[in-house]
Amino acid sequence: MIDIKLLRDDPDRVRASQLARGEDPGIVDAILAADERRRSSLGEFESLRAEQKAVSKDVGAAMGAFQRAKKAGAPDAEHLEAVAHAARTKAAHLSDQVKALEANADEAGAELERLLRKVGNVIIEGVPTGGEDDYVVLETIGTPRDFAAEGFEPLDHLALGERLGAIDMERGAKVGGARFYYLTGVGALLELAVLNMAMAQATAAGFTPMITPTMARPEIMLGAGFIDAHADEVYRLEADDLYLTGTSEVALAGYHADEIIDLSAGPKRYAGWSACYRREAGSHGKDTRGIIRVHQFHKVEMFSYCRPAEAEAEHERLLAWEREMLAKIEVPYRIIDTAAGDLGSPAARKFDCEAWVPTQGKYRELTSTSNCTTYQARRLGTRERDPNGSGTRTVATLNGTLGTTRWLVAILENHQQPDGSVVVPQALRPFLGLDVLEPIA
RNA sequence: GGAGGCGUCGCAUAGUGGCCUAGUGCGCCCGCCUGCUAAGCGGGUUGAGGAUAAAACCUCUCGCGGGUUCAAAUCCCGCCGCCUCCGCCA
């Protein structure tokens, strides 16, 4: 959720952000009007409520005086009872009015909230305008191998995986249906090696390693921003009113929900290891071969809580850690700055690292790092003591990928040899215990 | 799945319908006093929202959400969380 104060103080900035995202800028005025209504109805309710409280207190005092007089057999007991009764009648009358005004104010508040939720995070200056195809390539690292010059046709990751005894899609489908798979033998070991390397790097960089819940309650899911926009993407467990999370970002964002955290020593950084579940509802027919797009995979995710002023610098740091990981698997990749219309609603800016996939002749996403500024934390109630004064203020949250099952695709394809073997990148060898993966059939 | 217990300010506790504006102790912060420290004394110390130039001020907040009542920490209903025991279980 965006900051209503920003919207009041600088509505043009929010309008511009909406336009860049290809969304309705008119909602800004609707929100300002709803805000006005909420504040005036709240004022009406609160002042009458104050009066009601005062009168009600008089009732208490009058009742007390009457009871004492009655006990003592005082002659004015009857009179006191009448006084108490009159006060009670007045309070009862006020009570009805207060209830109506409160309902009014609640409704105005709910309407404001409903409108506010529809607005995506205000984008950071410099984010490209437009949709999915309007990204800007910031940098291209490494050069794709020339397989023609090497004299052989590269196999795709599934063909390689099957020869290596690393991937079994058929049995995956037998058990879980389409987009399920088994990682077997060196495949299973390779995934563990990638994820362990990611955890080791993160831990060395000062992240707290975490293994997180993969189910979350609706309010956490909503707070992290995964219900409004991604509702179709998410598995929901009807019987228990829980969601299967598509990333440990959900659990790491929820970790400090409704807390006041201490950032005086710098950002709090967590590296979450988890299974991830995605319905892939909107992608029928896309990437149906192999493990590029699957319903379940594993991921190591960086998550950072920092001060808002530091968020952009922290975003650069997360990107640098992603680059460090990508360098370790020695594949060509590029970095793109995602266009505004392709950002999730919590993100104010997003950088993806895309690895070269030789058999597709394309770069495919391996990592994604988003700066959510205060958008996620505001919904989740994660604040810090305001260092410049009294009270609290909302913190910024950021996330970024360090390794996933999909990385196997890039590793297998880019490091394959004419005989169907795959050379293991140097940095990965200590985690895998093998220098070369050899075909078994 | 069944039975029971519990949830109050950072922590510990008091409070079972109206002098509760939630008391007390500890911790923490500010000040006083004091060779230093400790003790002592005085004050402050949940969070959210509204109002304001800023305040004073007002509303809400006793796990969460409803309800009863003129009035709810207190009574009723639902939910969440934690604990104990029984049952079941890869």
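We use all heavy atoms of the structure for the numbers below, so side chains are in, but hydrogens, waters and symmetry mates are not. The structure displayed is predicted, hence computed values, not measured ones. Per chain, numbering begins at 1; letters A, B, ... match sequence-line order.
- Taking the six-membered ring wherever Trp is involved, the centroid distance between the rings of A:Y270 and A:F207 does not fall below 6.0 Å.
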| task | Determine, for nucleotides 56-62 of chain B in 5'-to-3' order, which nucleotides have protein heavy atoms under 4.0 Å from the base (write B), from only the sugar-phosphate (write S), or from neither (write -). | result | --BBS--
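- Phosphate contact (OP1/OP2 of B:C28, side-chain N/O of A:R385, threshold under 4.0 Å): absent.
- Going from atom CD1 of A:I220 over to atom P of B:G81 covers 12 Å, rounded to whole Å.
- Among the nucleotides B:C70, B:G49, B:G81, the one closest to any side-chain atom of A:R217 is B:G81.
- Of the P atoms belonging to B:C30 and B:C80, the separation is 44 Å, rounded to the nearest Å.
- Open room surrounds CD on A:E107; 12 or fewer heavy atoms of other groups in view lie less than 6.0 Å from it.
- For B:G81, the paired nucleotide is B:C6, the pair qualifying as Watson-Crick or G-U wobble because both relevant distances are below 3.5 Å.
- Spacing between atom CG of A:L242 and atom C1' of B:C79 amounts to 14 Å, rounded to whole angstrom units.
- Toward the 5' end of RNA chain B, the nearer of the two residues A:K5 and A:A92, judged by each one's closest nucleotide, is A:K5.
- Using atom P as the reference point in both B:U24 and B:C77, the two lie 34 Å apart (nearest Å).
- In terms of phosphate contacts, A:Q52 brings a side-chain nitrogen or oxygen within less than 4.0 Å of OP1 or OP2 of B:A71.
- At whole-Å resolution of the value, CD1 in A:I260 and P in B:G10 are 8 Å apart.
- In a base pair of the Watson-Crick type (N1 to N3 plus N6-O4 or O6-N4) or a G-U wobble (N1-O2 and O6-N3), with each distance short of 3.5 Å, B:C41 is matched with B:G31.
- Pairing for B:C11 goes to B:G25, judged as Watson-Crick or G-U wobble with the two contacts each under 3.5 Å.
- Across the C1' atoms, B:G43 and B:U69 are found 39 Å apart, a figure rounded to whole Å.
- The CD-C1' distance, from A:E44 to B:G49, rounds to 16 Å in whole Å.
- The A:R383 side chain lies nearest to B:G47 when the options are B:A71, B:C80, B:G47.
- Taking the side chain as every heavy atom from C-beta outward, A:L319 and A:W321 never approach each other to under 4.5 Å.
- Aromatic ring centres of A:Y305 and A:H256 lie closer together than 6.0 Å.
- The same atom, C1', is picked in B:A73 and in B:C60; the two are 15 Å apart, to the nearest Å.
- Within the 3.5 Å criterion, the main-chain N or O of A:V422 finds no donor-acceptor partner in the side chain of A:Q416.
- When side chains are defined from C-beta on, A:V119 counts as touching A:Q18, because their heavy atoms get closer than 4.5 Å.
- For residues 26-52 of chain A, there are no ring pair (Phe, Tyr, Trp, His ring centres under 6.0 Å) pairs, not counting sequence neighbours.
- Look at B:C60: its Watson-Crick or wobble partner, with both distances under 3.5 angstrom, is B:G47.
- One C1' atom belongs to B:A39, the other to B:C33, and the distance between them is 11 Å to the nearest Å.
- Protein atom NZ of A:K99 is 11 Å distant from nucleotide atom C1' of B:A71, rounded to whole Å.
- Dashed line: the shortest gap from a side-chain N or O of A:R38 to OP1 or OP2 of B:G50 is under 4.0 Å.
- Across all strands shown, B:A73 forms no Watson-Crick or G-U wobble pair with both distances under 3.5 Å.
- Counting to the nearest Å, the C1' atom of B:G50 and the CG atom of A:D35 are 11 Å from each other.
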Sequence neighbours left out, cut at 3.5 Å: what donor-acceptor pairs do the side chains of residues 402-411 of chain A make with other protein atoms?
| residue | atom | partner | partner atom | Å |
| --- | --- | --- | --- | --- |
| A:T404 | OG1 | A:R406 | N | 3.1 |
| A:T405 | OG1 | A:E191 | OE1 | 2.6 |
| A:T405 | OG1 | A:H298 | N | 2.9 |
| A:R406 | NE | A:I292 | O | 2.9 |
| A:R406 | NH1 | A:E365 | O | 2.9 |
| A:R406 | NH2 | A:I292 | O | 3.0 |
| A:W407 | NE1 | A:L366 | O | 3.1 |

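- Side-chain N or O atoms of A:R378 include one that pairs as donor or acceptor with a backbone N or O of A:M1 at under 3.5 Å.
- Straight-line distance between the C1' atoms of B:C82 and B:G47: roughly 23 Å, to the nearest whole Å.
- Going from the C1' atom of B:C88 to that of B:G67 covers 37 Å, rounded to whole Å.
- When distances run from any side-chain atom of A:T392 to the nucleotides B:G50, B:C70, B:G47, the shortest one goes to B:G47.
- Comparing the same atom, C1', in B:C19 and in B:U59 gives a spacing of 22 Å after rounding to whole Å.
- For the pair A:K90 NZ and B:A71 P, the interatomic distance rounds to 15 Å; values are reported in whole Å.
- Nucleotide B:U46 holds its C1' atom 15 Å from the CD atom of A:E259, rounded to whole Å.
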